[in-house]
Number of protein chains: 2
Amino acid sequence: MNEIEKFFALKDVRVTAMRLLIYKFLADKQVAVTLSDIENAFEKADRTTLYRTIKTFEDKAIVHQIDDGTGITKYALCEKGCNCEIEADLHLHFHCNNCNETICLTEHKIPQIKVPNGFVSEDINLVVKGICDKCSGL
Amino acid sequence: MNEIEKFFALKDVRVTAMRLLIYKFLADKQVAVTLSDIENAFEKADRTTLYRTIKTFEDKAIVHQIDDGTGITKYALCEKGCNCEIEADLHLHFHCNNCNETICLTEHKIPQIKVPNGFVSEDINLVVKGICDKCSGL
DNA sequence: AAAGTGATGCAATGGAAGTGCATTTATAAT
DNA sequence: ATTATAAATGCACTTCCATTGCATCACTTT
Ligand SMILES: [Mn+2]
Ligand SMILES: [Mn+2]
Ligand SMILES: [Zn+2]
Ligand SMILES: [Zn+2]
């Protein structure tokens, strides 16, 4: 039983060939991916399987969903130790208007946000859009 | 020529019956609305007209789009003097997980967000999710 | 081996966003 | 006022992504 399989067991996710492949695919990527990115990477595989795999990963806090405003949901591996629950796990995302890629800025935690009286904050989505480091040439 | 018509002229938007109705509908609402909200409010009207009306409003900075993470884009009237351009106009949005309503917190401007070297920030979307004042009972 | 549970594959559905084109309505020009 | 021009509207159609039902397959347990 290798590292990934142990990790799956820890997360209460059964090991299958497809799941291992998708996990490795995500681990290699430095950017958040869409479902069709995954589809393109595994053309022989069925869309539904990929869809349900990523949903399983999401349920088990292996990946987190990212809504970057493009209308297409993206996914990225959670950080080690992330439970996708507490505010400590929340980080900001950057979407590049040029190359259209979205990346996790895991080092950049969400600042404290004040909400008016009576409002209870449970979750925060913070997306910065602009030009990424690769595209800006700075 | 009444107030709204003057405002339309200022924004370079032709006055039509439908546009006036939709504008008033938005002005009455305290929450952001979806396209189907508008459809339900004007069942006799054609969907496309409503769609293109809201797009026109958006182009002319009469309404702004809100991506609250539900996957359905919402719209709300811009504040007086808003041009939907400069960062001063950006405010945070609150989405209630209970009543599913989304409101503009126009008083709550987006805090300064630091991005890593090489990244250029052009736009920011900040959505807080939780329980709204009406639902929390606090 | 048999039974049971979960994973996968295929087909179909739903919902929202967007487009092309003909027609109506409003504005501008004569 | 009539005509010409341009914009707004209505209808039909399309595209894209997300999601579900159900049959089948694979693995685990007894
Ligand atoms: Mn992330
Ligand atoms: Mn707003
Ligand atoms: Zn880029
Ligand atoms: Zn509420």
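To find a chain, count down the sequence lines: A is the first, B the second, and so on, and within it residues start at 1.
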* Donor + acceptor pair across side chains of D59(B), T56(B) (<3.5 Å) -> no

Expressed as a whole number of angstroms, how long is the span from [X]:[atom1] to [N]:[atom2]?
{"X": "K74(A)", "N": "dC17(D)", "atom1": "NZ", "atom2": "P", "answer": "11 Å"}
{"X": "L50(B)", "N": "dA8(D)", "atom1": "CG", "atom2": "P", "answer": "15 Å"}
{"X": "E43(B)", "N": "dG10(D)", "atom1": "CD", "atom2": "C1'", "answer": "17 Å"}
{"X": "R19(B)", "N": "dG10(D)", "atom1": "CZ", "atom2": "P", "answer": "12 Å"}

* Donor-acceptor pair under 3.5 Å, T48(B) side chain vs dC11(D) base ->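 By the distance-only test, yes, there is a pair.
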
How long is the span from the [atom1] atom in [X] to the [atom2] atom in [Y], to the nearest 0.5 Å?
{"X": "D37(B)", "Y": "L50(B)", "atom1": "CG", "atom2": "CG", "answer": "11.5 Å"}
{"X": "N117(A)", "Y": "F119(A)", "atom1": "CG", "atom2": "CZ", "answer": "9.5 Å"}
{"X": "I54(A)", "Y": "L26(A)", "atom1": "CD1", "atom2": "CG", "answer": "5.0 Å"}

* Taking DNA chain D as the partner, which of residues 51-63 of chain A come within under 4.0 angstrom of it by heavy atom? ->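 Those residues whose heavy atoms fall under 4.0 Å from DNA chain D, taken from residues 51-63 of chain A in numerical order, are Y51(A), R52(A), K55(A).
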
* Asked: Can you check whether I131(A)'s main-chain N or O pairs, donor with acceptor, with K134(A)'s side chain at less than 3.5 Å?
  ->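 Answer holds: no.
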
* Give the cluster check for I103(B) versus I72(B): same hydrophobic cluster or not, with ILVMFWY residues linked at side-chain heavy-atom distances below 4.5 Å. =>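 I103(B) and I72(B): separate clusters.
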
* Do I110(A) and F94(A) share a hydrophobic cluster, counting only Ile, Leu, Val, Met, Phe, Trp and Tyr and linking them when any side-chain heavy atoms are less than 4.5 Å apart? -> yes

* Asked: Under 30°, 30 to 60°, or over 60°: which ring-plane class applies to F7(B) and Y23(B), parallel, tilted or perpendicular?
  ->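 Answer is tilted, since the angle falls between 30° and 60°.
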
* Aromatic contact, F57(B) with Y75(B) (centres under 6.0 Å) ->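 When the ring centroids of F57(B) and Y75(B) are compared, they turn out to be at least 6.0 Å apart.
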
* More 5' along DNA chain C: I72(B) or K44(A), using each one's nearest nucleotide? ->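 The residue whose closest nucleotide sits nearer the 5' end is K44(A).
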
* To do: Could you pick out which residue, R47(B) or T49(A), lies toward the 5' side of DNA chain C when each is mapped onto its nearest nucleotide?
  => T49(A)

* Structure fact -> Protein heavy-atom contacts under 4.0 Å, written 5' to 3' over nucleotides 23-30 of chain D as B (base), S (sugar-phosphate only) or - (none), form the string --------

* **Closest nucleotide among dG10(D), dT20(D), dA18(D) to the L35(A) side chain** =>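 Ranking dG10(D), dT20(D), dA18(D) by closest atom to the L35(A) side chain puts dA18(D) first.
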
* Select base, sugar-phosphate, or nothing to describe what S36(A) touches, counting heavy atoms under 4.0 Å on all strands. =>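 Here S36(A) touches no strand at all.
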
* Of all the heavy-atom pairs spanning C104(B) and H64(B), show the shortest one and how long it is. =>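 Shortest heavy-atom contact: SG-NE2, 3.5 Å.
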
* Contact interval (first through last nucleotide) of DNA chain C with protein chain A, 4.0 Å heavy-atom -> dG6(C) to dA12(C)

* **Close side-chain approach of P116(A) to E107(B), heavy-atom, < 4.5 Å** =>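 No - every pair of side-chain heavy atoms lies 4.5 Å or more apart.
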
